Colleague: 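Sharing a structure below in structure tokens format, with a few things to ask.
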Amino acid sequence: MAFYFAQLLTGMANASALFLVASGLSIIFGVTRVVNFSHGSLYMLGAYIAYSSMTVLPGIIGFWASILVAGLAVGLIGMIIEVCVLKPIYKAPELFQLVATFGVILVIQDMALLIWGPEDLFGQRAPGFEGVVEIFGERVPSYDLVLIVLAVVVLIGLWYLFTKTRVGILVRAATQDREMVSALGVNQSVLFSGVFFLGAFLAGIGGAAQLPKGSANLLMDFGILAPIFVVVVTGGMGSIWGAFVAAMLISVLQVYGIRFLPNSTLVLMFIVMAVVLVIRPWGLFGKPEAAGDHGSQGPPPKPFRQLDPSGRIIVAVIIAALTLVPLSGVNFLSVLFADIIIFCLFAASLHYILGVGGLVSFGHAAFYGGGAYVAALFVQYAGTPMELALMLAPLGAGFAALIIGWFCVRLTGVYFAMLTLACAQVLWSIVFQWDEVTGGDDGMLSIWPSAWASEPGVYYYLVLVLGVGGVLVLRAMAHTPFGYALRGTRDSALRTEAIGMNVKLIQWMAFVFAGAMAGLAGGLFVFAKGSVFPTEMEIATSFDALIMVFLGGVQSLTGPIAGASVFTLLQDWLSRFEYWRLLLGLLIIFIAILLPGGLAGAVDQVKALLGRAPKDEAAP
Amino acid sequence: MLEISNIHTFYGGAHILHGVSLRVEAGEVVSLLGRNGAGKTTTIKSAIGLVRPRDGRITFDGTETTSWASHRICHLGLGYVPEERRIFSDLTVMENLEVGRRPARDDIPAWTTDTLFELFPNLAERRYNLGGHLSGGEQQMLTIARTLMGNPKLILLDEPSEGIAPVIIEKMAEVIAEFKAAGLTVLLSEQNLHFAKLVSDKAYIIESGEMRYEGTIAELEANSEVREKYLAV
Ligand SMILES: Nc1ncnc2c1ncn2[C@@H]1O[C@H](COP(=O)(O)OP(=O)(O)OP(=O)(O)O)[C@@H](O)[C@H]1O
Ligand SMILES: [Mg+2]
């Protein structure tokens, strides 16, 4: 009994930072409707800043003051992000904000590397709370109790702020109807900045407070992202109580999980979330999203254009040019272009669900990496030949999408994005934790193509055929009756429902199809590289795909192809610089602010300027 | 006091208001009449800055406000009561009023929760209830009370008689008469001529985003041709 109680305390202590960070995310989302993907980075900065501050400030006061300093500093940084990055794009579709905050993650990652270096920095223990206390004969670190108290104090503080103060009431009102709040005389701009300060402050405190239990390191940002999304989705977006209860529930279960099922800790988190969402799709304390409340506020999406004859000629010329690549005799070029084609397929498959279907998936790497692992596992354990493995990859990924999609399509908008991300993290954690089968972090090596395709030049042709074929199939599928129905669900779910179509079923099928095509890209990738690592499944890979689609422009079927090509070349070029993430991050932010139509939109703008405006009429 | 001159307002690419002009003098109650979709709400939203006219000029109390943010226009003394009421349903009646609260002005009497509860006794009983739990009529009163908490000089009332019971409509007419007596200026939009007749001095008629008629309420009553042409009977 005493043992379980001690475990309970450990779980609650772990929940503390999670709650602080998740509640900050939730508050920011509630008012501004922006999912701040850089929230994990703010948490990381909290730890780093506290570390530096503790080394300067002495003793007991220094320690506690450092936590506060970290919170305030991170709060200010959050405000700067809001003013510089988000203010210009509040009116843009939500994907812009998400991608821009992703750019912020990259910038902060390199800034942290630049300032604090690559090593883990171990923080000082809390003065006076270095030891353990005995509770019912069990030894519990006394700092754990401090963390629990901190969480409860913050919870009460937030409750007081939101129910007893004018500012809190304004924030709650703005969560419901910010336009009305501003018509009643409240300066939205100031309110938004203030809310960002508060949310970032909480993340900073969270990062600082957990320093004595761990270290400040560069993996903290992505590390906490999936858990806070799980907490926020499980607890209900915008609910402080929900964040508290969900953080406690998940952390405590995890502590017991480590005891009994050591290799399942990350999966356990997902199971809790899945159970909650099946029973309550909007989380424990959440409310259904008001329809039309967010999502794109920009002009309605333009219909996709089918290629005109000149476009077809251009495509034919590009494909013809691509067939010439291996003839150059430079292997490096075959490898680079094979990569580009694979990413084009990956990006095009994401675009199918995102651009055609209007569902912003943040976990598409699950299916790309999933396909890669399916192929690799079959080759390794069943001696499957490459040809068969390349067929199994999309099947396996499609199957994963079938299961994940069933949960995800029940939700829309931001909830959908968060859930896809969380699900992808689960697949990632299975691959990462299941050492014996997947090799864990070390990946799976020596997965080579069949003998006939072992030359890079020959394998390149295989990639060309399957990759370009896949892209063309995706394109064609946008112009089938199924594709029209899917666009119908994007533009008006209600109307589509009204004419007797099953919206969720259509979305689910599209999700599976997109997943399978991503799986094909993953399969091609494994044999191109001869190996696969968990990184193919991680959040950053999903984000890469999103950025490709976004760069190219969501409103065009050609967009993802252009985006993937430019992004791959750009990354290839930028990665020669030491701080390439910083450059890439800044570039992404600038594009989000300055090129709202992506590359395809920019091309259209240029064409319009040249007096050759594209026809807006849809092909049938 | 409020002067809208020749505004053109768009939603995305759709051109909704084609050069709308109107004037409201201090102390007047003016009705903006028109059928469904005529552009009444769009005119009112343009005045409070919730949509921005692409062309034309809006001045309030001698200050040009055409491209101002809503909160600044509100600070000048323009109060907005939306058509859909837009109560904060998760907030109590008291909290809803708190959101609207602004400092008193020198030139007009200041409203407090107490004076508002005198005006709307039903709300007083329900002050700790959530906005979402009120009846339609109570929500209509709350949305007006919430705007009055900002001590506006001019109130924009968008279809105050829409979708509420006849008793409450009478109550609305009384309330508007009290505003007038207290020196407040009102611009209200209506489809219902009977209600407009009860309360207003002047009337404008808008149709397809263009102003079609301007005159006193008495003149409009005498002019059956215009009434039949532009207003539902
Ligand atoms: N958000 C919007 N986007 C596009 N068009 C809109 C939007 N809101 C209104 N409209 C269109 O603008 C026109 C004028 O609408 P408005 O709401 O101003 O009319 P109204 O006179 O207030 O009508 P009602 O009596 O129904 O309230 C209508 O044709 C309407 O369809
Ligand atoms: Mg209206």
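Side-chain atoms are counted along with the backbone in the values below, which use heavy atoms only and exclude waters and symmetry mates. A quick note: this is a predicted structure, and the numbers were derived from the prediction, not measured. All chains are named by letter (A, B, ...) in the order of the sequence lines, taking the proteins before the strands, and each is independently numbered beginning at 1.
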Colleague: Evaluate A:Gln188 against B:His71 for side chain to side chain contact (heavy atoms under 4.5 Å, CB included), listing each step before the verdict.
Modeller: CA-CA 8 Å; A:Gln188 263 198 50; B:His71 70 272; 5.8 Å; no
Colleague: Quick check for you: among B:Gly79, B:Gly49, B:Ser89, B:Pro152, which has the greatest number of heavy-atom pairs under 4.5 Å with chain A?
Modeller: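 Highest number of heavy-atom pairs under 4.5 Å: B:Ser89.
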Colleague: Closer than 3.5 angstrom, by distance alone: can the side chain of A:Arg172 be matched with the main-chain N or O of B:Leu91 as a donor-acceptor pair?
Modeller: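 Between the backbone of B:Leu91 and the side chain of A:Arg172 there is no qualifying donor-acceptor contact (under 3.5 Å).
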Colleague: Does any heavy atom of chain A fall under 4.5 Å from the side chain of B:Arg102, the backbone, both, or neither of them?
Modeller: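 Side chain only.
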Colleague: Does B:Arg127, at its CZ atom, have more than 12 non-hydrogen atoms belonging to other residues, nucleotides or ligands within less than 6.0 Å?
Modeller: yes
Colleague: Could you check whether any side-chain N or O of A:Gln176 sits under 3.5 Å from a backbone N or O of B:Asp90, counting only pairs where one atom can act as donor and the other as acceptor?
Modeller: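 Side chain of A:Gln176 to backbone of B:Asp90: a pair is present.
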Colleague: Measure across B:Val99 and A:Val186 and return the closest heavy-atom pair with its distance rounded to 0.1 Å.
Modeller: O-CG2, 4.5 Å
Colleague: In sequence, state the C-alpha distance, the side-chain angles, and the governing distance for B:Glu95 and A:Ile169, and then conclude on side chain to side chain contact (heavy atoms under 4.5 Å, CB included).
Modeller: CA-CA 7 Å; B:Glu95 287 171 336; A:Ile169 291 172; 3.8 Å; yes
Colleague: What is the distance from atom CZ of A:Arg178 to atom OG of B:Ser70, rounded to the nearest 0.5 Å?
Modeller: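 Taking CZ in A:Arg178 and OG in B:Ser70, the distance rounds to 12.5 Å.
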Colleague: For B:Phe88 and A:Val181, work out which heavy atoms get closest and say how close.
Modeller: CZ-CG2, 3.6 Å
Colleague: Measure the CD-CG distance between B:Glu98 and A:Leu184 for me, rounded to the nearest 0.5 Å.
Modeller: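 Spacing of CD (B:Glu98) from CG (A:Leu184) equals 11.5 Å.
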Colleague: Return the CE to CD distance between A:Met180 and B:Glu84, rounded to the nearest 0.5 Å.
Modeller: 9.5 Å
Colleague: For A:Gly185, is there any backbone N or O sitting under 3.5 Å from a side-chain donor or acceptor partner on B:His75?
Modeller: yes
Colleague: Out of B:Ile48, B:Leu78, B:Leu50, return the one with the most heavy atom pairs under 4.5 angstrom to chain A.
Modeller: B:Leu50
Colleague: With a 4.5 angstrom heavy-atom cut-off, is it the side chain or the backbone of B:Arg146 that approaches chain A, or both, or neither?
Modeller: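 For B:Arg146, backbone and side chain are both near chain A.
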Colleague: Give me the atom names and distance for the closest heavy-atom approach of A:Ala183 to B:Tyr80.
Modeller: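 Reported closest heavy-atom pair: CB-CD2, 3.8 Å.
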